[in-house]
Amino acid sequence: MNDEERQFEKFIRDIEFDDKPDYGHCDSLEQQLLAAMARQTRQKQQPLKIWRINMKSRTIKLAAAAVIIIAVIAVINQLGGSGAGNIYAAVVERLHNARTMTYSIISQTNIENVPSVRVSFAFKEPGYMRTTTVDGYVTVIDWAQNKGISIMPPEKQFIEFEVSNYQHDPDRDPFVVIEKLRALPSQADEVLGEKKIDGRFLHGFRVTEGHVVNTIWIDPDTREIGRVEMEFPDAPGMSVIMTDFQFDVDLDDSLFSLIPPMDYTRLKVQTDVSKVTEQDLIKYLQLWTTWTKDGTFPPTFNPIELPKVAMEMKKQGKFGQGEKSAQQQRADEMQTYRGIMFVVQLPAESNWRYAGENVKYGNADIPVFWYRPRGSETYRVIYGDLSVKDVAGENLPK
Amino acid sequence: MDEESQSSPNIGEAEVFIRLYRQNYDAIFRYCVHRLFDRQSAEDVTSQVFLKAVENYHDFNGSEQQFCYWLFRIATNAVNQHLRKKIRHERILQQAQERILSKVSVDSDSEEQSHEKLTALKEAVFSLKPRYQTIITLRFFENLRPNEIAEVLASSAGTIRSQLARALARLRKKLTADYADYMD
């Protein structure tokens with residue numbers, strides 16, 4: 001037992017629950033259970049009688065046997081009768097038991113010259129994660145403590161963050177990818193057969209868990225995961241591809257250190273996001289249009305893609321803002337952070353969509369963002385002129 | 001045997017089930033109380049659990065220990081379903097508070113402290129997502145080990161350990177904010 005567990009156990013030690021069983025209830029329930037069992041027995045007897053009556057005819061017996069054989073074969077195929085199901089089960093067991101894991105996530109983009117963004121992940125129990133982009137940007141997160149550090153080598157800066165008052169929605173938790181992988185069931189919903197991916201012939205298995213559709217491609221010879229594809233039907237365009245899996249590799253604790261490099265300077269970011277609102281999003285959208293020469297909105301809302309995309313846009317000369325003071329830059333950074341955090345915090349059932357790519361500020365007819373607030377029947381739709389209307393679901397843009 | 005006249009359950013099967021029922025009633029009832037913080041709701045849900053178990057008993061194939069885990073799984077689903085009904089959830093909190101307030105005598109300092117702790121604990125636990133509530137309750141109130149919780153939730157011990165750590169961190173944060181003496 002660790003300190004955290006001991007602390008909690010000490011706290012609850014002298015709490016009194018009203019949890020003494022009432023044996024009157026226990027006895028009364030027992031009678032109900034006996035009655036329920038008796039009813040079940042009566043119900044089960046009748047189909048037997050029908051079966052026996054039907055089986056008097058030889059023709060019917062043969063037909064029934066054929067149906068049973070076909071049903072059994074269908075079940076075997078569903079389970080991957082050639083042993084494919086065993087391959088899947090073996091791989092899932094590795095996922096379940098791995099104490100460390102490394103993999104890459106490739107996000108597809110619709111951005112010109114930026115077809116995809118690749119980020120490497122390393123995970124170590126109980127809840128450490130490290131991400132590294134191709135440009136060397138590193139983020140380390142201790143999810144048990146909700147603390148993290150982002151390190152930016154080109155600028156020699158770092159940000160330490162403790163996200164206070166984070167409205168924690170489990171479906172938006174960045175650890176959700178890891179936990180959903182580790183919670184995959186031992187049996188797939190569907191066996192997809194063989195497909196050539198990156199030069200290897202892999203066997204595919206599909207599993208739908210909640211609102212995530214997982215497709216797992218496995219090398220049948222090595223039993224290694226070739227690729228995992230995750231799709232979120234509630235958030236079209238947000239598919240994730242994971243590859244380069246390795247399990248139980250030796251990951252030194254220093255990889256997950258929250259201590260910044262010696263010669264780096266701190267970038268201060270106020271991270272209380274308890275009060276981010278729709279207005280923060282609107283201000284951020286407007287801010288972005290002041291940066292771009294053509295007055296368009298951000299090309300994406302994916303927080304992993306955005307830095308890479310912004311760099312590409314800068315290289316292509318798409319930003320037109322002049323020099324700003326350090327104070328103004330910090331204000332812009334905070335507004336950007338708050339605007340993105342508003343979206344990141346939205347629960348899965350908000351069904352948010354962003355459609356502002358290539359849309360110019362001022363175009364009142366084009367919706368750029370919409371979402372459904374918690375508990376609301378209608379959607380909030382933000383248009384190109386940053387006006388907002390409440391719209392019924394059936395009237396949303398297609 | 002004349003099947004048409006048989007109207008009582010197979011005696012052997014009923015005996016086994018009732019024995020298992022009596023063996024596990026206390027644990028399941030207590031689990032429901034610790035999840036719902038309300039004994040009346042806990043009795044209702046306990047009834048649902050065992051009636052569900054009777055319904056599906058013929059599909060169960062395992063040891064007595066696995067039967068116990070199976071019951072906890074049914075109970076977890078039943079409790080979560082109970083809590084998901086939002087209006088009832090709010091009523092549970094209100095009724096639980098009223099019952100606790102009416103039953104708990106605040107004559108002594110220690111009783112008042114226990115009552116305050118219980119209220120703080122209830123709010124902290126209810127602030128967690130259902131899976132974390134389940135893991136915390138099974139670990140600290142039903143004293144199951146992570147690998148046993150993994151059996152109940154059809155998960156892996158590694159995942160349970162990770163989720164337990166995160167649940168505790170969230171509880172600590174909430175309890176530290178709401179209950180001044182948590183870290184003492």
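Letters A, B, ... mirror the listed sequences (proteins, then strands); counts begin at 1.
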Self-check item: Minimal non-hydrogen separation, B:Ile18 against A:Met37, with atom names
Solution: CD1-CE, 4.0 Å

Quiz item: With only heavy atoms counted, which part of B:Leu171 is less than 4.5 Å from chain A, the side chain, the backbone, both or neither?
Solution: side chain

Practice problem: Report the distance from atom CD of A:Glu125 to atom OG1 of B:Thr159, rounding to the nearest 0.5 Å. | Solution: 7.5 Å

Practice problem: Return the minimal non-hydrogen interatomic distance between B:Ser47 and A:His25, and the atom names on each side. | Solution: OG-NE2, 3.0 Å

Exercise. Give me the ring orientation class for A:Phe17 and B:Phe141: parallel if the planes are under 30° apart, tilted from 30 to 60°, perpendicular past 60°.
Key: perpendicular

Practice problem: Can you tell which part of B:Ile136 gets under 4.5 Å to a heavy atom of chain A, answering side chain, backbone, both or neither? | Solution: side chain

Quiz item: Roughly how far, to the nearest 0.5 Å, is CD1 of A:Ile15 from NE2 of B:His115?
Solution: 11.5 Å

Exercise. Among A:Glu9, A:Glu5, A:Gln32, single out the residue with the greatest number of heavy-atom pairs under 4.5 Å to chain B.
Key: A:Glu5

Practice problem: Between chain A and each of B:Arg139, B:Gln163, B:Glu43, count heavy-atom pairs under 4.5 Å; write down the option with the most. | Solution: B:Glu43

Quiz item: Is the shortest side-chain N to carboxylate O distance from A:Asp27 to B:Arg22 below 4.0 Å?
Solution: yes

Quiz item: Got a sec: does the CZ of A:Arg99 have more than 12 other heavy atoms crowding it under 6.0 Å?
Solution: no

Practice problem: Identify the residue among B:Arg172, B:Arg166, B:Arg170 that makes a salt bridge (Lys or Arg N to Asp or Glu O under 4.0 Å) with A:Glu4. | Solution: B:Arg172

Practice problem: Identify which part of B:Leu153 has an atom lying under 4.5 Å from any heavy atom of chain A, answering side chain, backbone, both or neither. | Solution: neither

Quiz item: For B:Gln23, does the CD atom have more than 12 heavy-atom neighbours from other residues, nucleotides or ligands under 6.0 Å away?
Solution: yes

Self-check item: Pair B:Leu121-A:Phe8, side-chain contact (heavy atoms from CB on, under 4.5 Å): steps then yes or no
Solution: CA-CA 10 Å; B:Leu121 175 69; A:Phe8 185 69; 3.8 Å; yes

Exercise. Pick whichever of A:Cys26, A:Pro21, A:Ala36 has the most heavy-atom pairs under 4.5 Å with chain B.
Key: A:Cys26

Quiz item: So, B:Lys117 side chain and A:Ile12 main chain: donor-acceptor pair closer than 3.5 Å or not?
Solution: no

Quiz item: About how many Å separate OH of A:Tyr128 and OG of B:Ser162, when rounded to the nearest 0.5 Å?
Solution: 10.5 Å

Quiz item: Which word best sums up how the rings of A:Tyr23 and B:Tyr25 line up, parallel for under 30°, tilted for 30 to 60°, or perpendicular for over 60°?
Solution: tilted

Quiz item: More than 12 heavy atoms of other residues, nucleotides or ligands under 6.0 Å from CG of B:Asn61: is that the case?
Solution: no

Quiz item: Does a side-chain N-to-carboxylate-O contact under 4.0 Å join A:Asp18 and B:Arg39?
Solution: yes

Quiz item: Is it the side chain or the backbone of B:Phe50 that comes within 4.5 Å of chain A heavy atoms, both, or neither?
Solution: both

Self-check item: Where A:Asp19 and B:Phe29 come nearest, the two heavy atoms and their spacing
Solution: O-CE2, 3.6 Å

